[in-house]
Amino acid sequence: MPHYPEQRLISRLTVVQRDVLLPELTTGAVETMLDKRVDIRDVIARGIRPGYHTLVDVARYFNKPPDRADQLALVKAGDVVEQITPIAGRNPERGKRLFAPVPGRVAYVGGGLIVIEQKPEVTTLEAGLRGIVTAIHSGRGATVETTGAALQGVWGNGRRTAAALRLEPETGIESTFEDEIDLKYMGVIIVTRRKLSRFTLEAIADIGFGGVVAPSMDYTLIDLAMSIAKPIMLTEGFGSISMNRAMLSGLADLEGQHVLLDAYLPRAGDHRRPEVIVNAQARQGETPSRPNVMLTLRPGLNVRITREPYVGQSGQVVNLLKSPILVDNGLRLPCAQITLAGGETVTVPIANLEVIGR
Amino acid sequence: MSILAIDFGSIHTRAVLLDRIDGVYQLVARAETRTTNGFPVQDLSVGFDRVLRDISAATGRTFTGPAGLLITPENVDRAGVDLFVATASVSRPLRTIIVGLMREYSAESARRAASGTYADIVASIHLDDGRTTEERLNAIIDAQPDVIVVAGGVDGGSKAALSETLALIRMAVSVIDKARRPVVVYAGNGSVIEDVQAAFKDLCEVLIARNVRPTIEDEQLANARAQLTRAFDRHQERQGKAFASITSMAASGVIPTAQGYSTVVQYLGQRSRENVLALDIGSAASTAALWVDGALHTAIRTDIGLGHSAPRLLDVVGVEALRRWLPFYIRRVDLMNYVANKSLRPMTVPAELRETYLEHALLRTGGRALITSTGVATRDFPTIIAAGAGLTATGDPSYTAMLALDIAQPVGVSRLLSDPFALIPALGAAAIAKPEAVVQVLDGSNLEMLGTAFSLAGKPSPDRPAMHVSIRLSDGRSVKHAVDGGHIWLYALPLGETADVRVQAGRSGSFGKARRLHVKAEGGIVGLIFDARGRPLEPASTPEARAKQMPQWILEATDAPMIDIPVRWLKPELGEDKDDAPAGEPSGARKTRGRRGKRGKVQQEEADDALKELRDATLS
């Protein structure tokens, strides 16, 4: 049976097609249309998160049974009320009346109760990339398509920014902010080859980087990373993993360019990944590639190894072994032979190979 | 009559083709691919096409017409299939709110009913939860539920408190946006059903189940679970593109994968009148289905899994429980990094020794937690079925058998079966339309028979004879062996063969109620497994001791070359918190001096007599 490997893009020119959607549980309205050209900050949809609901006990206030109390309601579901709006009573102008305790929208009237929803939280969903709307997802968002470079990571802290990208100096990211941040790095998305430390994360939070791309960090720092308002993307994973050579090379090619860093926080079964995207048009004679849905593992493909003992290394498939073989750990697994960038040929379980997507 | 069944797991999409051969349903072909619900495509039909193509290649049959749609029923050219069924565990679990009157009774029963489907309990509301009505209202709205399970009151009991609770739920559902309104599953006092239907009419869908607590002593979960399965089906229908094309083709919609385990375990249990255990440890969710003393018990846990749910599994079992299954020191942070990476790349497999032990520690502790959550205490499982790639895709059936024993920890005699091709979910789905297919496929040799295990309870003395085994083969030859305490012995009795096996427990062990066994045992891919490690199975208390013990177990169970634990792994690494201290002795592992009193002496004499009898029997 053919093996369809995981794909992760490290591509200089590809068709980037992204579903830009509100979270599944958010109620929203789409504010764009098919074939519309959108920019990074354009609003695709607005989502509404319910506000706090205040319960007003009309029956108790008037000392009436619920059905009688309902007859005293001066408002109905959907009405907007201010803090001084009378909401129940025989007469809205005089006599014993009950006033709205909070401003908001009447959500429910019945059973001797009135429920007022305070101001709901409205979130806006931005396009995140410059492109054309190719599909509308009712109530959720749209699909935006563009061409350009795309480099996908594995984890992000849920933030996004557009800024110039720079590689850290040879002396490391820490040398850019010894006393104060080197102006050259102010506001830029900085790429570090080293794992993120608590010290570096705290510095990112305090000083003027636009965002950070790093290979790895310890999982114990996840709460700190999530609390930082600037985007952080990991390219390899958690622990002490060096940056994959192809990824570093791809990022180095973008040095100085204005990029979008979408440090998307991945969820189970999610189509979307954290990534760095640069809009670029194909030059004459160039055809941007599309991710190949039916791509099977075969000799000649460039791959990245995703588990120990070769985690993070790139190589090329030279042979797919016909039957499972006994691996060093005592398990018998379907494997491929991979020639690493250094020339060594190693045997790796095929489940631990990611094709460096086009 | 051909049946095509496809199971969409969170990692793998597996297909099986069943067809009648000589009047009996059999597995004809199978295929497996990665589930296509992530980059670069989020459409399950792509994976569906892939497995169909593979099955076509294997059988020479076609399944789809020119428009790419499945041909049903099968035509005269044998193109297409008569029945297509689909199961899934891939979609997001149901966000579930549990509502009951009393926390320990109705709310707890509703929670247990919800554990029979892929449910995440996002809030629990009951009279003694300490919240005001306003707080309860906001808790329901904020939780954004897919389903609200309402229980409470005994049949014919007081309605007052229940009516108040129903009014609260009605109010909460009313203020939720129409497109997002949950399904209400009512499983409370039967005398208010009409009130419930009237209250939620035109508001949201209501599914009525029989009361989970018809009396205070009685708990009835089956009907509520069936209604929750319907709610899960509705939920999947709303999943959009990913499920749309599959749902439209499948005869009964898309059924929860776990339902197959319940169906098959119930069938096997009723037929054999013995206990049955099936375990499916997946990436995002895991299922245990147990038939015990004539009753079905299931647990579906979305917080136990080896891939997507690995970080939640670590939360469930705790760092110390995992360390007890590791033959080396490990820092807490390294464990956390491991599980986090597993959730980022759930389809990967361990390729080096340290990670293999980590993976199997997750499997063993998660599997135990899963069984424990069913509330069943017995270890008497004459049939054990292992499923899920973590258990079945080790590439070595002996390894699979050992892991299944470590998780199930049975006592006595157990037939060990494995389901590497996801036949059980398929049979569960097919059972609705073709129950005879389930019977015939299970009666045939379609599940992998690993072998028969003999497992000792108690704490056998290490390295002293704990099981005396006599095997009489069908050709009249006999084999005898003494298995030392703390060890496993394998006898390769081939698949399809049986042997007359007598086993006598040594001084400090037993097989449950019996101390000796005499059975006709089936062989298998692995053969006969004699497990004298005792129950509950507790690995040694220090990493140094486990570094000797665990590779030895693997050697004994698999007959593969022993892989020693490197000495450098046995140096405690200084960590950043007190949890990084090495695992201490497990609380249950206190050593007791073997002071043999009068009772012990009598038992020993009985055992010696039995051993003598056994010797005589096997020599004659």
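A note on names: the letters A, B, ... follow the listed sequences, proteins ahead of strands, and every chain is numbered from 1.
- Under a 3.5 Å cut-off, the side chain of A:Glu236 and the backbone N or O of A:Ser216 do not form any donor-acceptor pair.
- Residue B:Ala340 touches chain A through both its backbone and its side chain, counting heavy-atom pairs closer than 4.5 Å.
- With no hydrogens or angles considered, a side-chain donor-acceptor pair links B:Thr394 and B:Thr400 at under 3.5 Å.
- For an aromatic pair to be called close, the ring centres must be under 6.0 Å apart, and B:Tyr118 with B:His235 fails this.
- Heavy-atom distances place both the backbone and the side chain of B:Pro350 under 4.5 Å from chain A.
- Both the backbone and the side chain of B:Ala31 come within contact range of chain A, judged by heavy atoms closer than 4.5 Å.
- B:Tyr338 touches chain A through its side chain: at least one heavy atom from C-beta onward sits under 4.5 Å away, while N, CA, C and O do not.
- B:Val46 touches chain A through its side chain: at least one heavy atom from C-beta onward sits under 4.5 Å away, while N, CA, C and O do not.
- Proximity to chain A (any heavy atom under 4.5 Å) is shown, for B:Glu164, by neither the backbone nor the side chain.
- Each of A:Asp328, A:Leu333, A:Thr306, A:Val327 has some count of heavy-atom pairs under 4.5 Å with chain B, and the biggest count is that of A:Thr306.
- When each of B:Arg34, B:Glu32, B:Gln144 is scored by its heavy-atom pairs under 4.5 Å with chain A, the top score falls to B:Arg34.
- Taking B:Asn337, B:Thr133, B:Val51, B:Thr132 one by one and counting their heavy-atom pairs under 4.5 Å with chain A, the maximum is reached by B:Asn337.
- Top candidate by heavy-atom pairs under 4.5 Å with chain B, chosen from A:Glu354, A:Arg307, A:Met294, is A:Arg307.
- For chain B, the option among A:Thr54, A:Val115, A:Ile48 with the highest count of heavy-atom pairs below 4.5 Å is A:Thr54.
- Between chain A and the options B:Asn341, B:Asp177, B:Leu353, heavy-atom pairs under 4.5 Å are most frequent for B:Asn341.
- Proximity to chain A is absent for every atom of B:Ser10, based on heavy atoms less than 4.5 angstrom apart.
- Heavy atoms closer than 4.5 Å to chain A are found nowhere in B:Lys178, neither backbone nor side chain.
- Put simply, the side chain of A:Arg8 gets close to the backbone of A:Gly153: a donor and an acceptor are under 3.5 Å apart.
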